[in-house]
Amino acid sequence: MAGAVTVPASAQRVAVVGGGPGGLYAAALLKRLDPARSVTVWERNAPDDTFGFGVVLSDETLGGIEHADPVVYAALQRHFVRWDDIDIVHAGTRQTSGGHGFAALGRKRLLQILHDRCRELGVDLRFRSEAPDVDRLAAGHDLVVAADGVHSTTRDTYSHVFRPHVATHRCRYIWLAADFAFDAFRFEIAETEHGVMQLHGYPYSRPSPDHHPSTRPSGPQNQSGASTVIVEMREEVWRAAGFDELDEQESVARCAKIFADALGGRPLRSNKSAWTTFRTVVNEHWSHGNVVLLGDAAHTAHFSIGSGTKLAVEDALALAACLTEQPDVASALAAYEAERKPVVASTQRAARASLEWFENIGLYLDQPPRQFAFNLLTRSRRVTHDNLRLRDASFTEAVERDFGCPPGTPPMFTPFRLRGLTLRNRVVVSPMDMYSATDGVPGDFHLVHLGARALGGAGLVMTEMVCVSPEGRITPGCAGLYTGQQAEAWKRVVRFVHTRAPGTAIGVQLGHSGRKGSTRLMWEGMDEPLEEGNWPLVAASPIPYRPDSQTPRELTRSQLTDIREQFTSAAWRAARAGFDLLELHCAHGYLLSGFLSPLTNHRTDAYGGSLERRLRFPLEVFDAVRAVWPAERPMTVRISATDWAEGGTSAEDAVDIARAFAEHGADAIDVSTGQVVADERPEFGRSYQTPYADRIRHATGRPVIAVGAISSWDDVNSLILAGRTDLCALARPHLYDPHWTLHAAAEQGYDGPGAVWPAPYRAGSRRPQTGRTDAPKPRLTLGG
């Protein structure tokens, strides 16, 4: 984009609705790319009206601006405030982490720079002007860019096409400013009589060189500097503190008093500031004909990761590029949406994680100060243990020491104790159905499969769901523990693990398929009924899993007793086989899970209705199994912490379910989600299920196992060190690499008791060389 480029004539007349940073930058880029293009911006406010105070842009975004328009970049550079530190103040202590690299400037200054650039390029800026009706704009222009914000009129007009989803959240916040410059990005937590409140603050203007600070700076912000200050708290705390009854100035004064230490006794100021709740906007489609959404009109990301302006500017860059690269407007808008949607979705997942962390901040207040700080810094899952170690090694090492990591030992290789079992590291090979048994008997495949993963270094290797009866199988290929022959076959597997991979524990997961049984092998059609050889299904209620699934029979009281005895018989055989740990499968819509979810349990007897009654049968089974399982061996329970469906198990229900099992003696809760109903809508993403484990751990005080798209050793270290989980269970990574844990140790340079290479494999404990690495480096480059 270094110079003017001829673009298709179909994009010559452009209307931009909204004069925020995204709309203005899009207008400037489109005009710069083709000076002959007519670009008009409608903005209802005056040029110097703006809401909010400072904005943060990343180095990545700035690089895009520099490449696309060096004039704008140079102007921004003159006004940016840069800093590296984050201060976290909590419980009377301040923890500082460096190396983060921020750049910010005043929102008003940013708009002035963009106004000047638009005027210089010949963009028609119409302030204090309502944009014409979008249908008129679309009829009279080749392209309409709707940058009209979170309350977008354009989006509402075409809501049947854009299909927006707008979610509000639990916290209230107010956007304020202070007339001095913080020397770091500051998070301050106030524990008040009404509840927890937090301050997010960062500088966006530094004092002028000739300014001499006083105890209470005052005067123009360009002399004394300025900072954005956001005060946030949960709705119930906001009301308890009486903020709902205060006017703007009273709220500002109250906030300044609560955070007097952070502000050094200085006042706060507002700019038509009001308490509001954040709205997360997601649109299924971003364009309609020649109308396209940009910035907050298309998507929002919580302010705690500072991405609103960043995303809008990046949208503008992508839209301008696509209009240049594609042959017509329709193709350009399709390319723009295809390019931006995945990026925005990833950012929104990170923002949602950050938002929910602050909503639930009360869960973490008892953490040690440095671990609390580490937890806050890694809350969005974008900053990780390894990343933070690169930014600030001394801080990260201090957190590790507090956690109890021996020198040179990553968190994942610290031991963990469950009842009488000590695991040498925090990695679990998650249960994975192999559908490779014959008449429920595990064979050579299971020996090699589980044996290989035991040799691969994990602290705990779990079997697939082992069924407690022939009718409790999912498929004809599922393994069981309902005969002596099956028990002997499992004993062979356990013996191999204990003798050939000493130090690795092996656990068995017991379950019953319920309404999800009598189906084909996974690779022949997952959840599809068998074409022949079906067996009758039973469940909490006669509700088929899918429309084409068999309808199960509702279990009678006598059948419940029979199934409970099947579980205890299987547990007795598992103990005789020598398994170190037993997990009761109460997740994924199988029989016991079917009792827990209100979507699958419609019973009217003592086993249905309230959550307490829905818990009754799973707890009866748990108690019966615990009674026959050796007292010194741990027992865990896997649950689905959400059904990902309206009216299903909620996060609050999951805490109550976990607490009930903990009170009955569960040593840990294995926290999964979903697979309970076929029409679920999971929110997939990296480590997407771990917040549920995190919440259960802190709400119940019971150890948890986190699962769900944990794909790297860096994720494991981050989750363990932040205190979000105690163990991490990984499935697909262990299918990709049976020696995942040992390779994680090698890649981190770790050699210790947490990851012991089997003697025959020690020669492979270093990554093989892939090519020559000792060639001399270039010392001089000559330009010509």
Side-chain angles (χ1 to χ4, degrees), residues 1-42 64-65 67-69 72 117-118 121-126 131-148 152-164 282-299 311-345:
M1 295 189 191
V5 177
T6 301
V7 295
S10 58
Q12 291 301 97
R13 294 168 297 165
V14 179
V16 179
V17 182
L24 290 169
Y25 192 51
L29 285 176
L30 292 173
K31 187 68 173 176
R32 170 172 157 74
L33 283 167
D34 186 355
R37 180 183 270 146
S38 169
V39 182
T40 305
V41 178
W42 280 269
I65 293 173
H67 181 69
D69 194 335
V72 170
R117 185 56 171 155
C118 283
L121 293 168
V123 174
D124 182 4
L125 298 178
R126 301 185 183 183
D133 177 84
V134 66
D135 289 328
R136 286 179 53 200
L137 285 176
H141 294 81
D142 302 313
L143 176 67
V144 179
V145 179
D148 48 348
S152 171
T153 301
T154 308
R155 186 182 66 232
D156 290 345
T157 301
Y158 296 141
S159 61
H160 62 290
V161 177
F162 297 131
R163 297 176 66 87
V282 177
N283 285 277
E284 290 188 21
H285 304 286
W286 289 13
S287 65
H288 173 49
N290 63 343
V291 178
V292 63
L293 301 178
L294 184 145
D296 284 355
H299 47 71
L311 288 176
V313 168
E314 290 174 351
D315 283 354
L317 286 163
L319 178 61
C322 290
L323 285 164
T324 301
E325 296 161 356
Q326 300 298 323
D328 52 55
V329 169
S331 300
L333 299 189
Y336 160 72
E337 185 170 338
E339 176 182 336
R340 290 297 295 158
K341 257 188 156 179
V343 176
V344 168

Y158 vs D135 side-chain heavy atoms within contact, under 4.5 Å: yes

Heavy-atom closest contact (G22 atom, A316 atom, distance): O-CB, 3.9 Å

Test log, rule side chain to side chain donor-acceptor pair (under 3.5 Å), inputs T154 and D148: CA-CA 7 Å; T154 308; D148 48 348; 2.9 Å; yes

Check: L125 and L24 side chains under 4.5 Å, non-hydrogen atoms: yes

Contact summary for L137 and P132, nearest pair of heavy atoms: CD1-O, 3.6 Å

Nearest heavy atoms of L30 and R37, plus distance in Å: O-NH1, 2.6 Å

Listed once per pair and sorted, the salt bridge (Lys or Arg N to Asp or Glu O under 4.0 Å) pairs that draw on residues 283-293, sequence neighbours left out: R163-E284

Salt bridge (Lys or Arg N to Asp or Glu O under 4.0 Å) contacts touching residues 285-299 (sequence neighbours left out): none

Closest heavy-atom pair and its distance - A27, C118: CB-SG, 4.3 Å

Contact check, side chains of T153 and V134, non-hydrogen atoms, under 4.5 Å: no

Straight-line distance of R340 CZ to L319 CG, nearest 0.5 Å: 10.5 Å

Minimal non-hydrogen separation, A68 against L317, with atom names: CB-CD2, 3.4 Å

Parallel, tilted or perpendicular: ring planes of H141 versus W42, cut at 30 and 60 degrees: perpendicular

Residue pair N290 / D142, side-chain heavy-atom distance below 4.5 Å: no

Which atom of G23 lies closest to which atom of L294, heavy atoms considered: N-CD2, 4.1 Å

Atom pair OG/CZ of S152 and F162 - distance to nearest 0.5 Å: 7.5 Å

Worked verdict on D315 versus Y336 for side-chain contact (heavy atoms from CB on, under 4.5 Å): CA-CA 8 Å; D315 283 354; Y336 160 72; 3.6 Å; yes

Inter-residue atom distance R32.CZ - D69.CG, 0.5 Å rounding: 4.5 Å

Interatomic distance, S287 atom OG to E337 atom CD [nearest 0.5 angstrom]: 5.0 Å

Any donor-acceptor N/O pair, N283 side chain to W286 backbone, under 3.5 Å: no

Distance in Å, L323 CG paired with L33 CG, rounded so as to fall on 0.5 Å steps: 8.5 Å

Heavy-atom side-chain contact between L333 and L143 under 4.5 Å: yes

Separation between CZ of R155 and OG1 of T157, rounded to the nearest 0.5 Å: 10.5 Å

